[in-house]
Protein chains: 4
Amino acid sequence: MTDKRKAILKSALLLFTERGFHGTPTSLIAREAGVATGTLFHYFGTKENLISDLYLEIKREAGKVMSEGTDTGDDTTSGLRRIASNYVSWGIRNPAKIKFMEQFCLSPFVPDETREEGVSNFLFLAGLFEKGITSGEIKPLPVELAIKMAAEFLNGVISYIIRQGPCCDANEIFELAYPVLEDGLRKR
Amino acid sequence: MTDKRKAILKSALLLFTERGFHGTPTSLIAREAGVATGTLFHYFGTKENLISDLYLEIKREAGKVMSEGTDTGDDTTSGLRRIASNYVSWGIRNPAKIKFMEQFCLSPFVPDETREEGVSNFLFLAGLFEKGITSGEIKPLPVELAIKMAAEFLNGVISYIIRQGPCCDANEIFELAYPVLEDGLRKR
Amino acid sequence: MTDKRKAILKSALLLFTERGFHGTPTSLIAREAGVATGTLFHYFGTKENLISDLYLEIKREAGKVMSEGTDTGDDTTSGLRRIASNYVSWGIRNPAKIKFMEQFCLSPFVPDETREEGVSNFLFLAGLFEKGITSGEIKPLPVELAIKMAAEFLNGVISYIIRQGPCCDANEIFELAYPVLEDGLRKR
Amino acid sequence: MTDKRKAILKSALLLFTERGFHGTPTSLIAREAGVATGTLFHYFGTKENLISDLYLEIKREAGKVMSEGTDTGDDTTSGLRRIASNYVSWGIRNPAKIKFMEQFCLSPFVPDETREEGVSNFLFLAGLFEKGITSGEIKPLPVELAIKMAAEFLNGVISYIIRQGPCCDANEIFELAYPVLEDGLRKR
DNA sequence: AATGAATGAGTTTTCATTCAT
DNA sequence: TATGAATGAAAACTCATTCAT
């Protein structure tokens, strides 16, 4: 991937989250990226394409980051903890990407087919939850519901940590918050 | 409040959630509301004012709905269950309002002071959580974190139910999902 | 029809013939017409619509001018002379309209359906030629061919007169040129 | 002349007639010609130069084709018939070139000096008409007027034949149409 | 000679807002 | 109060042209 393309995606991420999609002129994205307007359209064709590509890139990264250090042999409880920890730690280091996902996952600016392609990066989670339900580790819930609840929960944690500012101990907060999810999901 | 004012707010809610803030022309809002463009500006002055008023209206309604049937004498566990049930049931009946809150709570279109005023409708939640922590009913967490986690969790449940379509049994899903929150928060 | 609308059509006519369709910015048309750019789009919606409306207006005027002072009882020879004279005299007084028709009748900027609607203003010519062929006044030709030949011929005369400049005697030239058409069409 | 240069001129002819001068990007011309954009500018320098060269090429070809098989000793009547026949037959086989001449002879895209150079290919027609007028074969008309009338007339015939589609008998139509011109010009 | 990525001025079009009625 | 024609600044996007390779 070209340097210019990367620079455009980087500017777009920051500006979209700060000012919204329609609130961010393509001319501004280009200027911040240090390229000409035409270059943006050379690489992405349309503004919609740009946000769509950005969406996919972030979803792919999130999916990849989550699964780092996990193993298909893991039990659900420890696998989930690892994933949650990966995700939160990545989210804290990449607040703009979290904000982007929150704002644009449900927005009308990302075309439906792109959204579907983005979801595909998280299919491994479904497998993990199914295993946990079968083994009796976690409550018998519809898998999609469980994923949704967990995801929103973790986003809440991340956004709380970010709001506290950089001087708080993120780890400490995670250790405080995570048991809520773990205890909540565990079958009793 | 005049009929025309109400009609404008109603159109604005639908259109903003479907097309975004900048993606919705004031002329379209006015047309859908059956009034002239000038009338919109007569009532709201600017487009920013319109979204700001809409935000407050919805936050006020959400706050009011949540606390229905609760009592300051309630213990945290049963109070929280009532609030959660009120909120989810209102959310399912008003999907556009949920979508609006998800999209615009963190967006740059709502001025900060409006956001603060909106949050004031949920202060009673802080009291409830504090009481629960003091009495040992729930885990000792920062109150703001607990609120954030609970709110995101419930939004996740609502959005899952809405996505399932109208033929699913919303109550059944709530009864399945809610224990996750309750068990998660409870001190053990 | 509003004054502003008329002014826009007038500017557009001059500028399109002088600089071509794509060579004429809408901003320039508006400026020359003494209105804001937005006003142009308020009345015509798109630039394509503007040229299409202009085309129809001119075709309608040409058709109306041609048939002035004719009578369904006329024989073809005298009817045709009258029409030709009307057309040439109108063409000399409205060189921009002639130039517009020459440049845009066959151009890709006028949509096909508009072209068809424009042609409808000249259907009365077909009747005249048919009568002349039946009565043996003029050569037995496909009517459409005869119309096409006559039209191109007269355009040639007009453009010659215009090119000679305003000091030439237009009438004299017409009297010199017209017999070529008349003698050419007459059956011998 | 290189193959690439030829290919560019060929694409340009088709695209200019289909989409107009400003409506045809140089990048498209290059792509259709199977060369890089830079190559187009290597051969022609500017887009204006390209259309200008194309104009001259076509005018030169038209002039050459017309005079084929004529002889300075011919009388005007038979010379003219030969020229007309040559022109119509070439026009039918090269509809894009006819369309190009119709659209761009009077357009602002061809610089005046190019237009003058193009006209030089038809000077031999002036000689022919003068001879016919002197000898009393044809009506005493200004030579330029006579040329203009004849040219427009023949263009009308060609465009009629083209519009009829490929299944019509072009020769038959020419034999029907040509006498109109001949009889019209002949002195009586 | 030939390429095509990069440029940025210029284009069509939109839309918040005003104001005379 | 209510209207909607008129405005013009600002947006997305295009494209002739250049130039390093």
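Note on naming: letters A, B, ... go to the chains in the order of the sequence lines (proteins, then strands), and numbering restarts at 1 for each one. The figures here come from the full heavy-atom set of this structure, side chains too, leaving out hydrogens, waters and symmetry mates.
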Quick one: A:His42 NE2 to F:dT18 P, roughly how many Å, whole number? 18 Å
Any donor and acceptor pair, going by atom type alone, linking the side chain of B:Asn121 with main-chain N or O of B:Gly118 inside 3.5 Å? yes
C:Asp3 CG to F:dA6 P, in whole Å, measures 10 Å
Please determine, for the side chain of B:Val35, which listed nucleotide (F:dT3, F:dA2, E:dT7) has the closest atom? F:dT3
In whole angstroms, how far is the C1' atom of F:dA11 from the CG atom of A:Leu40? 13 Å
Atom pair distance, as rounded to whole Å: CG in A:Leu50 and C1' in F:dC13: 13 Å
Without swapping roles, check the side chain of A:Thr24 against the backbone of A:Leu15 for a donor-acceptor pair under 3.5 Å. yes
Fit a plane to each ring of A:Phe109 and A:His22, take the angle between them on a 0 to 90° scale, and name the class: parallel (under 30°), tilted (30 to 60°) or perpendicular (over 60°). perpendicular
Which listed nucleotide (E:dT7, F:dG4, F:dA6) is nearest to the side chain of A:Lys4? E:dT7
Which heavy atom in A:Asn49 sits nearest to a heavy atom in A:Phe44, and how many Å separate them? CB-O, 2.9 Å
Indicate yes or no for a side-chain donor-acceptor contact from D:Lys97 to the backbone of D:Ala62 under 3.5 Å, with no hydrogens or angles considered. no
I'd like to know if the side chain of A:Ser120 and the backbone of A:Glu116 have a donor-acceptor N/O pair within less than 3.5 Å. no
Measure across A:Lys59 and A:Cys105 and return the closest heavy-atom pair with its distance rounded to 0.1 Å. NZ-SG, 3.5 Å
Consecutive-pair stems (3 or more, Watson-Crick or G-U, under 3.5 Å) for DNA chain F: E:2-21 with F:2-21
Under 4.0 angstrom between A:Thr39 side-chain N/O and E:dT7 OP1 or OP2: yes
Side chains of B:Lys47 and B:Ile51: does their closest heavy-atom pair fall under 4.5 Å? no
Protein-to-nucleotide contact annotation, 5' to 3' order, nucleotides 11-17 of chain E [B base; S sugar-phosphate only; - none; under 4.0 Å, heavy atom]: SSBBSBB
Looking at every non-hydrogen atom in both residues, tell me the closest pair between C:Lys99 and C:Thr17 and how far apart they are. NZ-O, 3.6 Å
Write down the distance between CZ (D:Phe44) and C1' (E:dA1), rounded to a whole number of angstrom. 15 Å
Value rounded to 0.5 Å, distance of CD1 in A:Ile29 from OG1 in A:Thr37: 10.5 Å
Give me the residues of residues 7-14 of chain B where at least one heavy atom lies under 4.0 Å from an atom of DNA chain E, by number, or none. none
Whether C:Tyr43 contacts F:dA6 is assessed here as follows: a side-chain N or O lying under 4.0 Å from the phosphate OP1 or OP2. Is that the case? yes
Could you tell me the separation between the CG atom of D:Leu28 and the C1' atom of F:dA16, rounded to a whole number of Å? 14 Å
Report yes if the side chains of A:Leu13 and A:Ile58 come closer than 4.5 Å at any heavy-atom pair, otherwise no. yes
